[in-house]
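Since the structure comes first, as structure tokens, the remarks are kept for the end.
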Amino acid sequence: MVSPPPGAAAVAAARACVRVGLAPRPLMGSQGGVGPPGNGGPGEGESGETRKLQEEGRAARGKRRKGKGKAGAGQGGKGSGAEGKPEPPQGKEETGLGAEAGPSAGLGKAGERGGSVEEGARRLVRGDEGSAGARKEAKGRDEGKKEEWRVRTGRREDARPARAQGRGGQAWGRLAGTRAAMATAAEEKAAAAAAAREPACRPAAGPALLRLPEELLLLIFSYLDMQALGRLAQVCRWLRRFTSCDLLWRRIARASLNSGFTRLGTDLMASVPVKERVKVSQNWRLGRCREGILLKWRCSQMPWMQLEGDSLYISQANFILAYQFRPDGASLNRRPLGVFAGHDEDVCHFVLANSHIISAGGDGKIGIHKIHSTFTVKYSAHEQEVNCVDCKGGIIVSGSRDRTAKVWPLASGRLGQCLHTIQTEDRVWSIAISPLLSSFVTGTACCGHFSPLRIWDLNSGQLMTHLGSDFPPGAGVLDVMYESPSTLLSCGYDTYVRYWDLRASARKCVMEWEEPHDSTLYCLQTDGNHLLATGSSYYGVVRLWDRRQRACLHAFPLTSTPLSSPVYCLRFTTRHLYAALSYNLHVLDFQNP
């Protein structure tokens with residue numbers, strides 16, 4: 001066979017030596033012929049240098065066989081040599097001859113197949129290109145794995161953001177998950193509440209009754225009682241909203257106890273839904289309440305009190321203190337809003353009128369206090385203690401133990417100027433001005449006259465009439481109040497509550513209720529409709545009466561035997577009842593029994 005030109009062979013051998021890192025001597029032209037490749041043996045014209053290179057390649061392959069097919073010193077990665085463990089077919093297709101990554105592997109393979117040095121050099125070049133492709137592929141695979149790991153880690157971090165913070169990360173992750181669940185539950189609850197607040201639409205399908213006009217439905221439902229309306233409200237959301245209309249509950253509320261409606265139908269609590277008031281009124285009817293004590297004082301007193309809005313005014317000794325109710329209405333702010341003084345002895349009675357406090361003291365003086373300022377005026381009114389006082393329309397009337405009743409103006413320029421002095425021939429315990437401002441009534445001790453109740457003209461001071469004629473001696477009237485211009489209530493020592501109607505008869509009351517234990521009744525209060533409350537002299541008993549019945553509805557004893565005390569004054573709202581005794585101020589909470 002004809003050998004290749006000696007110049008080309010020398011250049012190929014030099015390139016191969018440079019790649020392998022060897023420094024061979026230049027091949028001679030007469031010795032550089034390489035025969036055709038045989039069965040692994042050397043060619044016929046092979047020089048000694050070529051044999052030396054082949055022997056070195058065989059030695060390198062032997063070492064690789066002993067190393068279980070590991071790659072040579074090249075950068076082939078997992079790719080194996082010709083004698084090593086074969087790479088998977090996909091890797092071979094991608095990397096080509098670069099599986100033999102190292103230069104010694106390429107040289108050994110060329111020697112084994114008996115190829116020329118130039119062919120071995122070409123194979124080495126292709127092996128380098130394959131090694132570069134393999135490196136790029138491996139790098140791509142590594143980057144893909146890192147990206148997949150970041151995605152998975154990101155998902156876990158989204159679920160548990162604190163997991164990557166060490167061994168305590170799991171606990172923090174569970175805490176974060178719990179907080180997320182709680183936040184989700186709160187959002188769902190808020191959404192449900194918002195949906196409940198939204199006005200429910202009328203159901204499209206259902207009984208034909210629900211498809212009637214609302215005006216007709218209101219007329220039909222107005223004949224239902226409280227239980228039937230309550231059951232209708234459980235059918236669907238639309239009916240619950242529809243049956244909460246105040247028009248449907250107004251008739252029921254007017255027949256209930258202490259629902260905020262007067263006998264004439266006037267609504268005194270227009271800001272509160274009627275249905276809610278009817279619910280609380282059932283507690284008044286059944287006597288369900290929770291008792292508490294608002295204030296205590298050390299020495300025995302005869303307190304009097306008044307309510308105005310969210311404030312409570314109560315007398316203690318010669319002071320009047322103003323307290324503010326807390327939102328629940330069953331407790332007070334301990335620090336008073338104001339303290340009103342001016343009397344030398346105890347305050348016996350006081351009223352609120354025109355942003356003023358008009359007080360009557362045991363020193364025989366009348367005090368006038370401005371509620372929202374420190375303005376206070378007092379003047380001598382009677383020779384003895386002033387037991388009672390009332391004020392309406394700029395007119396003050398007072399009653400005293402000196403058996404007189406007097407009329408005073410409230411105008412600032414005429415304070416202390418008596419308009420009328422009325423001789424009652426008996427000690428005056430109670431007094432009240434008519435809502436028409438035309439007359440006033442006095443309640444006396446019934447010791448020097450046959451009737452303790454007499455009505456006087458407010459302008460002239462003349463006697464107009466007296467009420468009743470069958471009072472026993474000593475049946476003094478301790479409390480009296482006008483319910484309307486023609487009706488009034490009275491109670492006192494004779495243990496009766498009497499209801500008078502001036503349109504019917506002035507000689508006999510139209511209704512009366514007797515205290516079951518024959519106790520003196522110190523005070524009374526009414527809701528203007530059906531409820532009546534009285535305070536007894538023994539054991540601090542507060543009694544509730546339904547004016548449509550004769551018998552007492554409920555009794556609440558507020559003191560025991562060692563601390564027996566009368567109920568000197570009581571006031572109530574639609575939710576609470578307040579009773580002032582000798583040592584403390586009690587509250588009965590009917591809203592939260």
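For the pair Q525 (side chain) and A533 (backbone), a donor-acceptor distance under 3.5 Å is absent. No side-chain donor-acceptor contact under 3.5 Å links S434 to the backbone of S438. W304 contributes no side-chain N or O that, together with a main-chain N or O of A580, makes up a donor-acceptor pair within less than 3.5 Å. The backbone N or O of G287 sits less than 3.5 Å from a side-chain atom of H554, completing a donor-acceptor pair. Side chain of S315 to backbone of P303: no donor-acceptor contact under 3.5 angstrom is found. For S451 (side chain) and L467 (main-chain N/O), a donor-acceptor pair under 3.5 Å exists by modelled atom type.
From L544, atom CG reaches atom OG1 of T534 across 8.0 Å, with rounding to the nearest 0.5 Å. For the atom pair L217 CG and R211 CZ, the distance stands at 11.5 Å (nearest 0.5 Å). Note that the CG atom of N584 and the CD atom of Q301 stand 11.0 Å from one another [nearest 0.5 Å]. Between the CG atom of D457 and the CD1 atom of I422 there is a distance of 8.5 Å, given to the nearest 0.5 Å. Here the straight-line distance linking atom OG1 of T442 with atom CG of L463 works out to 8.5 Å at 0.5 Å rounding. How far CG of L212 is from CG of L219: 11.0 Å, rounded to the nearest 0.5 Å.
The side-chain contact (heavy atoms from CB on, under 4.5 Å) check on R548 picks up A255, L257, H530, D546, with sequence neighbours excluded. Listed by chain and residue number, D589 satisfy the side-chain hydrogen bond (donor to acceptor under 3.5 Å, both in side chains) test with R290 (two or more places apart in sequence, or in another chain). Listed by chain and residue number, D328 satisfy the side-chain hydrogen bond (donor to acceptor under 3.5 Å, both in side chains) test with S331 (two or more places apart in sequence, or in another chain). Residues passing the ring-ring contact (aromatic ring centres under 6.0 Å, His included) test with F375: none are found, sequence neighbours excluded.
No side-chain heavy atom of W513 sits under 4.5 Å from any side-chain heavy atom of Q549. Side-chain contact check for L229 versus I252: some heavy-atom pair is nearer than 4.5 Å. No side-chain heavy atom of H349 sits under 4.5 Å from any side-chain heavy atom of I431. Using a 4.5 Å heavy-atom threshold, the side chains of H356 and H369 count as separate. Using a 4.5 Å cut-off on side-chain heavy atoms (C-beta onward), I320 and I357 make contact. Put simply, the side chain of D267 reaches to within 4.5 Å of the side chain of R277, judged on heavy atoms. Contact of the T526 side chain with the L489 side chain is registered, since non-hydrogen atoms from C-beta on lie closer than 4.5 Å. Here the side chains of Y522 and L570 are not in contact, with every heavy-atom distance at 4.5 Å or above.
Heavy atoms only, all atoms of each residue included: W500 and L453 are closest at NE1-CD1, 3.5 Å. When all heavy atoms are compared, the tightest approach of T495 to T520 is CG2-N, 4.2 Å. Of all heavy-atom pairs between M481 and A432, the closest is CA-CB, 4.5 Å. Across F471 and C446, no two heavy atoms sit closer than the pair CB-SG, 4.1 Å. Taking both residues in full, the closest heavy atoms of L239 and L232 are given as CB-O, 3.5 Å, listed atom of the first, atom of the second, then distance. In this structure, C491 and L521 approach most closely via the heavy-atom pair SG-O, 3.7 Å.
Between F440 and W456, the angle of the ring planes stays under 30°, which puts this pair in the parallel group of the 30/60° scheme. Using bins of under 30°, 30° to 60° and over 60° for the plane-to-plane angle, the ring pair F242/W238 lands in the parallel bin. Note: H466 and H449 have perpendicular aromatic rings, judged against thresholds of 30 and 60 degrees for the angle between ring planes.
There is no side-chain donor-acceptor pair under 3.5 Å between R263 and T487. With no hydrogens or angles considered, no side-chain donor-acceptor pair links S355 and H372 at under 3.5 Å. Using a 3.5 Å distance cut-off with no hydrogens or angles, the side chains of Q282 and R285 do pair a donor with an acceptor. Using a 3.5 Å distance cut-off with no hydrogens or angles, the side chains of S565 and S582 do pair a donor with an acceptor.
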Between S486 and R503, does a side-chain hydrogen bond (donor to acceptor under 3.5 Å, both in side chains) hold up when you go through it step by step?
CA-CA 6 Å; S486 58; R503 299 166 299 183; 3.2 Å; yes

Taking it one step at a time, do I371 and E308 satisfy side-chain contact (heavy atoms from CB on, under 4.5 Å)?
CA-CA 11 Å; I371 293 179; E308 184 176 3; 4.0 Å; yes

Before you tell me yes or no, could you show the steps for Y578 and M305 under side-chain contact (heavy atoms from CB on, under 4.5 Å), namely the whole-Å CA-CA distance, both residues' side-chain angles and the distance that decides it to 0.1 Å?
CA-CA 9 Å; Y578 309 96; M305 65 177 173; 3.7 Å; yes

Pair N387, V428 - check side-chain contact (heavy atoms from CB on, under 4.5 Å), show working.
CA-CA 7 Å; N387 294 323; V428 182; 5.8 Å; no

Worked verdict on S536 versus H517 for side-chain contact (heavy atoms from CB on, under 4.5 Å):
CA-CA 9 Å; S536 302; H517 295 162; over 6 Å; no

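The salt bridge (Lys or Arg N to Asp or Glu O under 4.0 Å) pairs that include a residue from residues 515-529 are E515-R543, where partners are two or more places apart or lie in different chains. Residue pairs satisfying the side-chain hydrogen bond (donor to acceptor under 3.5 Å, both in side chains) criterion with at least one member in residues 244-260, sequence neighbours excluded, are absent.
Between F572 and F590, the distance separating the two ring centers is not shorter than 6.0 angstrom.
The 12-atom threshold is exceeded at CZ of R326, counting heavy atoms of other residues, nucleotides or ligands nearer than 6.0 Å. No more than 12 heavy atoms of other residues, nucleotides or ligands sit less than 6.0 Å from atom CZ of R575. Other residues, nucleotides and ligands contribute over 12 non-hydrogen atoms within 6.0 Å of the OH atom of Y499.
Using a 4.0 Å cut-off between charged nitrogen and carboxylate oxygen, R454 and D426 do not count as a salt-bridge pair.
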